[in-house]
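Computed from a predicted structure; not experimentally measured.
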Amino acid sequence: MTNSLDRRYAIVLLLPAGLLLGIFFFYPLAVVAWTSVYHEGLTLDAYKGLFRTALFSNVFATTAWIAFVATSICVVIGYCLAAWIARMSGRTRVVLITCVMLPLWTSVLVKSFALTVVLGDSGIVNQCLVLLFGDGARVSMMFNRAGVLIGMVNYLLPFAVFPILASLLGIDPVLRRVAELMGAGPLRTFLQVTLPLSLPGVFASALMTMTLAMGMFVTPALLGGRKDLMTANLIELYTRQILDWQGASAIAMVLLVVSMVLILFLLRVQKDEAQPRESVR
């Protein structure tokens with residue numbers, strides 16, 4: 001009897017969220033999926049046309065490469081930052097975690113516009129370079145690949161830090177002490193103890209960051225050039241300029257499938273990470 005009442009309460013509490021999710025997510029998603037395969041009857045011409053055109057293949061390859069590079073940078077920087085935070089005491093760690101979360105409180109649009117002030121030809125970075133090394137030291141960091149990567153790393157870095165930090169905090173400190181007592185130095189302890197045990201967090205961080213990077217729109221649009229067109233920007237091009245809604249829907253579904261595959265890998269990594277901890281307990 002108690003279980004049935006709990007289930008009813010759970011259904012009642014989840015019903016508003018379920019309705020909102022169905023109206024504003026699943027219904028539009030179903031419309032996009034239907035639009036991609038229906039044009040005077042069921043057809044896959046939109047998908048066939050995408051894979052036959054060089055534009056989509058080039059843009060998708062560019063998207064994958066930019067996302068991979070941005071993810072790699074975020075994981076490396078995020079690991080160093082997470083390792084530093086994990087070594088701090090309780091209060092200091094809370095302050096540092098809050099500092100990592102602060103960028104998430106600002107819209108990606110606002111941050112991208114702010115970066116145009118920092119990275120422009122007359123921005124703060126170039127002014128410092130000119131002051132130190134002269135006019136020849138100016139570096140172009142706007143409307144090119146460098147600007148896109150800097151903007152994406154700035155946005156994605158918090159998402160890379162937290163999975164790694166959680167993995168590092170889950171490592172028993174006794175293991176490091178045992179390695180030190182056995183004569184292992186700091187580098188060997190890191191390579192043979194800390195790094196292997198934190199790899200699930202690294203993989204989760206990489207997959208989460210890669211999934212978000214594949215769908216970036218604002219940052220490439222504001223900081224990138226013509227050669228930095230990404231898949232989300234291509235969807236906007238198809239809907240607003242080419243006016244090919246079926247092609248845009250097909251691109252959106254391809255991007256959704258890729259994101260779903262990455263999310264499934266992420267869930268598998270998190271499941272594999274949880275199993276050893278449960279076995280230890």
Side-chain angles (χ1 to χ4, degrees), residues 14-71 74 104 107-113 143 145 147-149 151-152 155-156 159 206-268:
L14 293 175
L15 186 60
L19 289 174
L20 288 174
L21 192 63
I23 295 172
F24 295 105
F25 179 75
F26 288 111
Y27 175 70
L29 183 61
V31 171
V32 171
W34 178 255
T35 304
S36 68
V37 297
Y38 185 83
H39 181 68
E40 298 179 356
L42 293 177
T43 177
L44 295 176
D45 290 342
Y47 293 94
K48 294 177 182 178
L50 285 182
F51 292 104
R52 288 173 183 171
T53 58
L55 176 62
F56 175 74
S57 59
N58 291 337
V59 169
F60 192 80
T62 300
T63 301
W65 175 247
I66 292 176
F68 173 77
V69 174
T71 299
C74 286
L104 298 178
S107 168
V108 62
L109 181 62
V110 175
K111 288 190 287 189
S112 297
F113 271 118
F143 310 120
R145 188 68 53 87
V148 174
L149 290 175
M152 290 179 65
Y155 174 74
L156 297 171
F159 298 99
L207 289 171
M208 183 184 299
T209 309
M210 187 77 176
T211 304
L212 294 171
M214 290 289 292
M216 292 292 287
F217 171 76
V218 175
T219 301
L222 293 179
L223 303 177
R226 294 181 179 179
K227 296 182 180 180
D228 305 306
L229 190 69
M230 296 184 68
T231 308
N233 306 110
L234 185 62
I235 295 173
E236 189 266 345
L237 178 68
Y238 267 70
T239 54
R240 295 190 60 183
Q241 299 185 32
I242 301 178
L243 301 180
D244 184 0
W245 288 87
Q246 189 178 20
S249 300
I251 298 172
M253 295 308 299
V254 171
L255 185 59
L256 176 65
V257 170
V258 174
S259 300
M260 289 178 62
V261 170
L262 292 173
I263 291 172
L264 290 176
F265 275 118
L266 175 61
L267 295 176
R268 179 64 181 272

*CZ of F143 to CG of L222: how many Å apart, nearest 0.5 Å?*
8.5 Å

*What residue pairs, at least two apart or across chains, pass side-chain hydrogen bond (donor to acceptor under 3.5 Å, both in side chains) with a residue in residues 233-243?*
E236-R240

_Spacing of CG belonging to L19 relative to CZ belonging to F26, to within rounding of 0.5 Å_ = 12.0 Å

*4.5 Å side-chain heavy-atom contact, T219 and S112*: yes

*Please walk me through it: do L229 and T62 pass side-chain contact (heavy atoms from CB on, under 4.5 Å)?*
CA-CA 7 Å; L229 190 69; T62 300; over 6 Å; no

_Inter-residue atom distance L55.CG - F60.CZ, 0.5 Å rounding_ = 13.5 Å

*asked:* A side-chain contact here means heavy atoms from C-beta on lying under 4.5 Å apart; do F68 and M210 qualify?
replied: yes

*So V37 and T43, side-chain contact (heavy atoms from CB on, under 4.5 Å) or not? Walk me through it.*
CA-CA 5 Å; V37 297; T43 177; over 6 Å; no

*asked:* I need the minimum non-hydrogen distance between I251 and I235, along with the two atoms involved.
replied: CG2-CG1, 3.4 Å

*Begin from the C-alpha positions of R145 and W65 and carry the test side-chain contact (heavy atoms from CB on, under 4.5 Å) through to its verdict.*
CA-CA 11 Å; R145 188 68 53 87; W65 175 247; 3.5 Å; yes

*Compare every heavy atom of A213 with every heavy atom of L156, then report the nearest pair and how far apart it is.*
CD1-CB, 3.7 Å

*Side-chain heavy atoms of D45 within contact of H39, under 4.5 Å*: no

_Heavy-atom side-chain contact between Y155 and V218 under 4.5 Å_ = no

*About how many Å separate CG of L50 and CZ of F56, when rounded to the nearest 0.5 Å?*
5.5 Å

*Taking only residues two or more places apart in sequence or in another chain, which ones pass side chain to side chain contact (heavy atoms under 4.5 Å, CB included) with S36?*
Y47, S249, A250, M253

*asked:* On a heavy-atom basis, which atom in T71 and which in A206 lie closest, and how many Å separate them?
replied: CG2-O, 3.4 Å

*Roughly how far, to the nearest 0.5 Å, is the CD1 atom of I66 from the OG1 atom of T231?*
9.5 Å

*Indicate yes or no: at least one non-hydrogen side-chain atom of L29 is less than 4.5 angstrom from one of L256.*
yes

*State which residue, out of L264, L262, L267, fulfils the side-chain contact (heavy atoms from CB on, under 4.5 Å) condition with L207.*
L262

*asked:* Can you tell me how the ring of Y38 sits relative to the ring of W34, calling it parallel under 30°, perpendicular over 60° and tilted otherwise?
replied: parallel

_Test side-chain contact (heavy atoms from CB on, under 4.5 Å) applied to L255 and M214, step by step_ = CA-CA 8 Å; L255 185 59; M214 290 289 292; 4.2 Å; yes

_Partners passing side chain to side chain donor-acceptor pair (under 3.5 Å) against T53 (at least two apart in sequence or in another chain)_ = none

